[in-house]
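Here's the structure, in structure tokens; my notes come after.
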Amino acid sequence: MRFSQTLIPTLRENPVEAQVVSHRLMLRAGLIRQLNAGIYTWLPLGLRVLRRVETIVRQEMDRAGAQEVLMRAVQPAELWEESGRWAHYGKELLRMKDRHDRDFCFGPTHEEVITDLVRREVRSYKQLPLNFYQIQTKFRDEIRPRFGIMRGREFLMKDAYSFDKDVEALDVSYKAMFAAYQGIFQRCGLEFRAVEADTGSIGGASSHEFHVLAESGEDTIASCTNCGYAANLEKAVSGDTEVASDGTPEPMARIETPNKRTIEEVSSFLKVPVEQTVKSLIVETEEGLIMLVLRGDHVLNEVKAMNALGVTQLTLPEPERVRELTGVPVGSIGPVGTEITIVADPGTQMAGGFVCGANEAGWHLTNVVWERDLPAPRFVDLRNVTAGEPCPRCDSGTLVLHRGIEVGHVFKLGEKYSQAMNAVVLDENGREKTLVMGCYGIGVSRIVAAAIEQNHDDNGIIWPMALAPFQVMLLVINPKDKALMEAASALEKGLSAKGVDVLTDDRDERLGVKFKDADLTGIPLRVVIGGRSLKEGKLEIQSRRGGDPTTLSPDDAVEGLYQMVQQELALNASS
RNA sequence: CGGGGUGUAGCUCAGCCUGGUAGAGCACUGCGUUCGGGACGCAGGGGCCGUAGGUUCAAAUCCUAUCACCCCGACCA
């Protein structure tokens, strides 16, 4: 393809709205343009990358035995009412009405549609297992779209749904998808982690997320330095099973702490380490008020709290509201003598007792011990792990934290949808059996952004070979020179015959401009075709990743470049 | 949903406070010079100053409303 005939609107300056690297570079390299908040048009170069990802996903899904279908974006409300999600999904669901005033939505996901299809078309256990996937545009009306493609509202997603006769069979389907995902991200040339994830409001047995490691990631993931344990922070647990040891704590005492409100203030005022204090958090749930008690330096994990309490809504009210509800200013709330139900993190069972609010402004209690000074509450993990804590799975490892971009999610759904929508088959005994489902998503467009987050330098994108819009860029120094253009044409022809995609920069631009754009667009191999070196029978080949340029004769160039492309692809080939 | 910010040429921005015929750099067009890492000169084209009201002899500038986009927050007692 010729640069001069393709719309590749590169930008010299940084667009103001772009905060993260991938967003900035996608705009500057001319891959995308914004249409609306969280909605982007894919330009020719960007679309080629998107297609590469799609192709890899499609090949690996096919290989794993999934069948491709295409469900449509617009879905009738009836199905969502059947599953119960019409009422529960909230504002992220883009709802609309047709001319007959009937309700529809633009699908953010397709569990209902596929379950409806399967219940209509599948009758017998003999037809199982089944796994359908599609690559489709989704719309989620995000509260705050940001980071360009990374958290857009309209995006491209691969979603797959498996149907099995029982949980054992689901396990097989799940493992196959897990393996396929590893192959996909590996082929994309991405550094990623599969982590255990919270199953969230959907419930279900188990779930893994696939994260591309990048500083700009919106998620935090914890992994073990020694064993394979890795989990989303929402789910990660500490191996630190600190329980009350022996030793006789002092009796509980009431101490005046004038104007000391925060943990830090109280801790330094009383000269007690924060590890010996607790914080008492009042949360509002649909089940009413709950007091959560955590060690002073620990951070509440709301997902864990919601799971532990069995609630779907949990908010930390504003300080004024807490005062209204309890009659005590936030800094002085404590578990002793309260009538609110208490749930505590195991980390509050410290041997020497703890410091907590006295439920009276300006007073705290010290040496408080569960059971001795107040009834023991239910203890359950409520907090975020921190870096350096022991691994929960092995003896010698410690946890490290990374930032990650979630690009894939596999999920054992169980019978949530099949039961609600009555998707059944007849088993060996002629009995109706509810199907057991799994669902598996990949953010196809997000992978493009994630790949850039992980592969760039100050000058622009550095595409992994497998995702590059073109593998080779021919940089013709002077396109008016017929000999040079002929050399370029010959190379284009030879390479495309071998399946290598070539972009030829034939613009009548200064050399510096072309080099800058070549760097920006990140095409992995760059061939400089100039009069001087061509006369010497040499072509200069430079990898975008850096390193010394190599030279090839025009006769060897096609084969040489082809080999270089193949070599780099082979590095990430899935097994 | 709350708070903040910005809307002026394709892009990045000045002008607004203190009202008086709309600017710069880059990009674009033409000519010339130059040209193996974002050249230079000359000459050009391009903007209802987001939109709608209002104040005024006069509004990009002041006031009101509205829309859009961006950022922060929606959590640590």
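Just so you know, these numbers come straight off a predicted model, no measurement behind them. Numbers restart at 1 for each chain; the letters A, B, ... are given by sequence-line order, proteins then strands.
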> So what does A:P15 touch, heavy atoms closer than 4.0 Å: a base, only the sugar-phosphate, or nothing?
Replying inline: sugar-phosphate

>> Counting neighbours of CD on A:E215 that are heavy atoms of other residues, nucleotides or ligands and sit closer than 6.0 Å, is the number greater than 12?
In response: no

>> I'd like to know if the side chain of A:S207 pairs up with that of A:H409 as donor and acceptor (distance under 3.5 Å, no hydrogens or angles considered).
In response: yes

> Can the ring centres of A:F379 and A:W370 be said to be less than 6.0 Å apart?
Replying inline: yes

> Taking the C1' atom of each, how far is B:rC57 from B:rG15, in whole Å?
Replying inline: 23 Å

> Quick one: does A:E540 reach the base of B:rG36 with a side-chain donor-acceptor pair under 3.5 Å?
Replying inline: yes

> Looking across every strand, which nucleic acid part, if any, lies under 4.0 Å from A:S332 by heavy atom: base, sugar-phosphate, or nothing?
Replying inline: nothing

> Which base sits across from B:rC1 as a Watson-Crick or G-U pair, both distances under 3.5 Å?
Replying inline: B:rG73

>> Please find the pair of heavy atoms, one from A:L31 and one from A:L45, that lie closest to each other, and give the distance.
In response: CD2-CB, 3.7 Å

> Rounded to whole angstrom units, what separation is found between the CH2 atom of A:W363 and the C1' atom of B:rA77?
Replying inline: 20 Å

> Base, sugar-phosphate, or nothing for A:R526, non-hydrogen atoms under 4.0 angstrom?
Replying inline: base

> Of the nucleotides B:rC71, B:rC76, B:rU12, which one has an atom closest to the side chain of A:R144?
Replying inline: B:rC71

>> Quick check: any donor-acceptor pair below 3.5 Å linking the side-chain of A:N478 to the base of B:rG36?
In response: no

> If you check every side-chain atom of A:V16, which of B:rC13, B:rG37, B:rA77 has the closest atom?
Replying inline: B:rC13

> Mind checking who B:rU51 pairs with, Watson-Crick or G-U wobble, both distances under 3.5 Å?
Replying inline: B:rA65

> What is the nucleic acid contact for A:N36, judged by heavy atoms within less than 4.0 Å: base, sugar-phosphate only, or nothing?
Replying inline: sugar-phosphate

> For the pair made of CZ in A:F515 and C1' in B:rA39, what is the distance, rounded to whole Å?
Replying inline: 16 Å

>> Any base atoms under 4.0 Å from A:E13, or only sugar-phosphate, or nothing? Heavy atoms, all strands.
In response: base

> Is there a Watson-Crick or G-U wobble partner for B:rG41 with both distances under 3.5 Å, and if so, which one is it?
Replying inline: B:rC31

> Any donor-acceptor pair under 3.5 Å joining the side chain of A:R12 to the base of B:rU12?
Replying inline: no

> Checking all strands, does A:R28 fall into the base, sugar-phosphate, or nothing category for heavy-atom contacts under 4.0 angstrom?
Replying inline: base

> Mind checking who B:rA14 pairs with, Watson-Crick or G-U wobble, both distances under 3.5 Å?
Replying inline: none

> So what's B:rC57 paired with, Watson-Crick or G-U wobble, going by both distances under 3.5 Å?
Replying inline: B:rG20

> Taking the six-membered ring where the residue is Trp, are the ring centres of A:F354 and A:H364 under 6.0 Å apart?
Replying inline: no

> Do the side-chain N and O atoms of A:E453 and A:S22 include a donor-acceptor pair separated by under 3.5 angstrom?
Replying inline: yes

> So what does A:I333 touch, heavy atoms closer than 4.0 Å: a base, only the sugar-phosphate, or nothing?
Replying inline: nothing

> In whole angstroms, how far is the C1' atom of B:rA27 from the CG atom of A:L11?
Replying inline: 10 Å

> B:rC28, B:rC72, B:rC35: which one has an atom nearest the side-chain heavy atoms of A:E509?
Replying inline: B:rC28

> Are OP1 or OP2 of B:rG36 and a side-chain N or O of A:R532 less than 4.0 angstrom apart?
Replying inline: no

> If you look at every strand shown and take non-hydrogen atoms under 4.0 Å, does A:T315 touch a base, only sugar-phosphate, or nothing?
Replying inline: nothing

> Can you tell which of B:rA74, B:rC69, B:rG36 lies closest to the side chain of A:Q34?
Replying inline: B:rC69

>> So A:I143, base contact, sugar-phosphate only, or nothing? Heavy-atom distance under 4.0 Å.
In response: base

> Mind checking who B:rG46 pairs with, Watson-Crick or G-U wobble, both distances under 3.5 Å?
Replying inline: none

> Out of B:rG38, B:rC71, B:rG36, which nucleotide sits closest to the side chain of A:Q19?
Replying inline: B:rC71

